[in-house]
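Worth saying up front: this structure is predicted, and the values here are computed from it rather than measured. Below, chains carry the letters A, B, ... as their sequence lines are ordered, and counting in each starts from 1.
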2 protein chains.
Amino acid sequence: MEFSSRLLEAAVYEMSQLPGIGKRTALRLVLHLLRQPTSQTQHLVEALSTLRQDIKFCTKCHSISDVEICHICSNPSRVQDVICVVEDIRDVMAIESTSQYRGLYHVLGGKISPMDGIGPQDLHITSLIEKAKSGQINELIFALSATMEGDTTNFYIYKQLNGVQIKTSTIARGIGVNDELEYADEVTLGRSIINRIPFENAIKG
Amino acid sequence: MEFSSRLLEAAVYEMSQLPGIGKRTALRLVLHLLRQPTSQTQHLVEALSTLRQDIKFCTKCHSISDVEICHICSNPSRVQDVICVVEDIRDVMAIESTSQYRGLYHVLGGKISPMDGIGPQDLHITSLIEKAKSGQINELIFALSATMEGDTTNFYIYKQLNGVQIKTSTIARGIGVNDELEYADEVTLGRSIINRIPFENAIKG
């Protein structure tokens with residue numbers, strides 16, 4: 001792609017550094033900004049640079065926050081001795097939107113993935129183990145994605161907890177609500193049979 | 001979607017104002033920026049704001065340029081009396097990459113589209129008619145997209161040229177090179193039969 005303007009080329013290049021955005025899409029986005037009032041670009045630019053400079057991570061759960069301790073960790077009405085372990089803030093938002101969970105979170109900031117060069121030391125695992133060892137936590141719920149990396153991370157943390165008196169659980173894997181059996185993959189369907197639950201529990205929910 | 005951080009929410013909102021980027025994608029992009037070094041966000045922000053503030057449009061062809069007259073219009077070795085009429089700079093880049101065209105361009109900045117509230121007065125049509133009337137132009141090549149809006153725009157300009165001694169042409173529509181006939185749509189195939197060209201011309205190309 002040859003550009004008639006170095007300013008345009010630079011903007012397209014920077015935009016195409018974002019994941020899933022190729023050169024063509026980047027050009028489309030940048031040309032869109034040029035057609036809109038200057039204020040739109042200003043707002044975008046200000047929002048991004050303010051975010052990057054002023055963003056804080058909650059010192060307790062490592063989630064993104066505008067303050068030192070996020071509104072979930074600082075909420076006294078949340079259950080204080082249950083921690084849900086998640087990968088990033090998107091998972092916190094997804095679980096919060098279910099309104100089914102009243103405990104706290106611990107954001108790892110990723111999962112162990114040797115392929116991407118991410119080891120346990122790159123994640124917030126040490127602080128999680130410390131919390132678990134403090135004796136104030138009753139249960140850890142692992143809510144990582146059901147991939148090899150997710151399972152590896154779960155297992156690594158589980159091993160680190162060796163000897164610590166704490167309940168651990170993982171979110172249920174199975175057929176989605178409203179899903180048809182015939183379209184489910186065999187692994188999921190197999191797991192949902194192995195991990196079947198008493199019918200009385202199911203109708204309670 | 002509920003955000004734990006107003007800074008994050010603002011950045012996601014501004015990002016999702018871009019075309020084809022929904023809230024979820026915007027969140028993914030913004031979280032990506034947060035994981036990368038601050039310098040990446042700085043470079044993006046600087047490139048976008050410099051572009052928006054300092055961008056110039058060539059006073060002759062209305063294409064995006066860093067200078068008053070773009071490098072195509074100011075190139076004396078280009079054919080000066082042929083103008084290719086296009087919608088935006090992406091079309092200029094696409095045609096330039098073929099290396100088959102040595103004339104000049106005229107960027108309309110869009111096409112007539114009543115549905116989107118774009119009328120002839122929103123496009124650079126007046127300056128095109130003036131060029132055509134100046135007597136220094138021999139041929140206008142319409143290279144707009146083959147849609148209803150493109151055809152309307154072509155026709156509007158053609159009517160405005162009423163009485164002006166100038167050759168007009170439109171780029172050939174037909175089956176793409178290397179395309180199979182059976183997968184072509186009927187309209188294109190039909191047009192390619194009506195507008196067939198002498199075989200001698202085809203083998204010359």
Side-chain angles (χ1 to χ4, degrees), chain A residues 1-15 17-21 24-25 27-36 38 40-58 63-67 70-72 88-90 92-94 96-97 109-110, chain B residues 1-15 17-21 24-25 27-36 38 40-58 63-67 70-72 88-90 92-94 96-97 109-110:
Chain A
M1 234 188 242
E2 260 195 60
F3 290 90
S4 59
S5 152
R6 293 212 297 148
L7 295 176
L8 182 65
E9 185 168 9
V12 169
Y13 172 79
E14 291 299 337
M15 205 63 143
Q17 297 302 298
L18 294 172
I21 303 221
R24 266 168 204 278
T25 310
L27 178 59
R28 190 165 55 83
L29 297 178
V30 168
L31 290 179
H32 172 84
L33 283 177
L34 283 179
R35 277 194 298 268
Q36 301 303 114
T38 316
Q40 186 175 339
T41 310
Q42 276 168 353
H43 291 155
L44 173 64
V45 155
E46 274 162 28
L48 287 180
S49 52
T50 317
L51 173 77
R52 196 64 186 85
Q53 277 158 24
D54 298 350
I55 197 71
K56 288 191 184 68
F57 291 90
C58 171
S63 182
I64 292 170
S65 170
D66 291 345
V67 282
C70 78
H71 73 284
I72 295 177
D88 73 14
I89 190 176
R90 280 176 292 181
V92 175
M93 288 164 67
E96 281 300 286
S97 70
Chain B
M1 233 188 243
E2 259 197 61
F3 290 90
S4 58
S5 151
R6 294 212 297 148
L7 294 176
L8 182 66
E9 185 168 11
V12 168
Y13 172 78
E14 291 298 337
M15 206 62 144
Q17 296 302 299
L18 293 172
I21 303 218
R24 264 168 205 276
T25 310
L27 178 59
R28 191 165 54 83
L29 296 179
V30 168
L31 290 179
H32 172 84
L33 282 177
L34 283 179
R35 276 193 300 268
Q36 302 302 114
T38 316
Q40 185 174 339
T41 310
Q42 275 168 355
H43 291 155
L44 173 64
V45 155
E46 275 162 28
L48 287 179
S49 52
T50 317
L51 174 77
R52 196 64 186 87
Q53 277 158 24
D54 298 350
I55 196 70
K56 288 191 183 68
F57 292 90
C58 172
S63 180
I64 291 171
S65 169
D66 292 346
V67 282
C70 78
H71 73 286
I72 295 177
D88 72 14
I89 190 175
R90 279 178 291 180
V92 174
M93 289 165 67
E96 281 299 286
S97 71

May I ask you to check whether over 12 heavy atoms, not counting those of A:Phe57, lie within 6.0 Å of atom CZ? yes

Comparing A:Ser65, A:Ser49, A:Pro19, A:Ala47 against chain B, the one with the most heavy-atom pairs below 4.5 Å turns out to be A:Pro19

Does any non-hydrogen side-chain atom of B:Tyr13 lie less than 4.5 Å from one of B:Glu9? no

Partner residues of B:Glu96 under the salt bridge (charged side-chain N to carboxylate O under 4.0 Å, His left out) criterion, sequence neighbours left out: B:Arg78

Greatest number of heavy atom pairs closer than 4.5 Å to chain B - which of A:Val67, A:Leu48, A:Val30, A:Thr25: A:Leu48

Where does A:Ile89 contact chain B at under 4.5 Å (heavy atoms): side chain, backbone, both or neither? side chain

Ranking B:Leu31, B:Thr50, B:Asp54, B:Ile21 by heavy-atom pairs under 4.5 Å to chain A gives rank one to B:Leu31

Given the rule in the side-chain contact (heavy atoms from CB on, under 4.5 Å) test, do A:Val45 and B:Leu44 qualify, once you have shown the distances and angles that lead to the verdict? CA-CA 8 Å; A:Val45 155; B:Leu44 173 64; over 6 Å; no

A:Leu29, A:Leu33, A:Val12, A:Leu34: which one forms the most heavy-atom pairs within less than 4.5 Å of chain B? A:Leu34

In terms of heavy-atom proximity below 4.5 Å to chain B, should A:Leu27 be classed as side chain, backbone, both, or neither? side chain

Comparing B:His71, B:Glu46, B:Met15, B:Arg90 against chain A, the one with the most heavy-atom pairs below 4.5 Å turns out to be B:Arg90

Pick one of side chain, backbone, both or neither for A:Thr41, based on which atoms fall under 4.5 Å of a heavy atom in chain B. side chain

Is A:Glu14 close to B:Gln42 at the side-chain level, that is, under 4.5 Å between some pair of heavy atoms? no

Counting only heavy atoms closer than 4.5 Å, note whether A:His43 contacts chain B via side chain, backbone, both or neither. both

Just by modelled atom types, is the B:Arg6 backbone N or O under 3.5 Å from a matching donor or acceptor in the A:Asp66 side chain? yes

Considering only heavy atoms, which portion of A:Arg28 lies under 4.5 Å from any heavy atom of chain B: side chain, backbone, both, or neither? both

Atom pair CD1 (B:Ile55) and CD1 (B:Ile64), whose distance is rounded to the nearest 0.5 Å: 5.0 Å

Per-residue contact mode, B:Gln36 against chain A (heavy atom under 4.5 angstrom): backbone

Check whether any side-chain heavy atom of A:Gln40 sits under 4.5 Å from a side-chain heavy atom of A:Arg35, and report yes or no. no

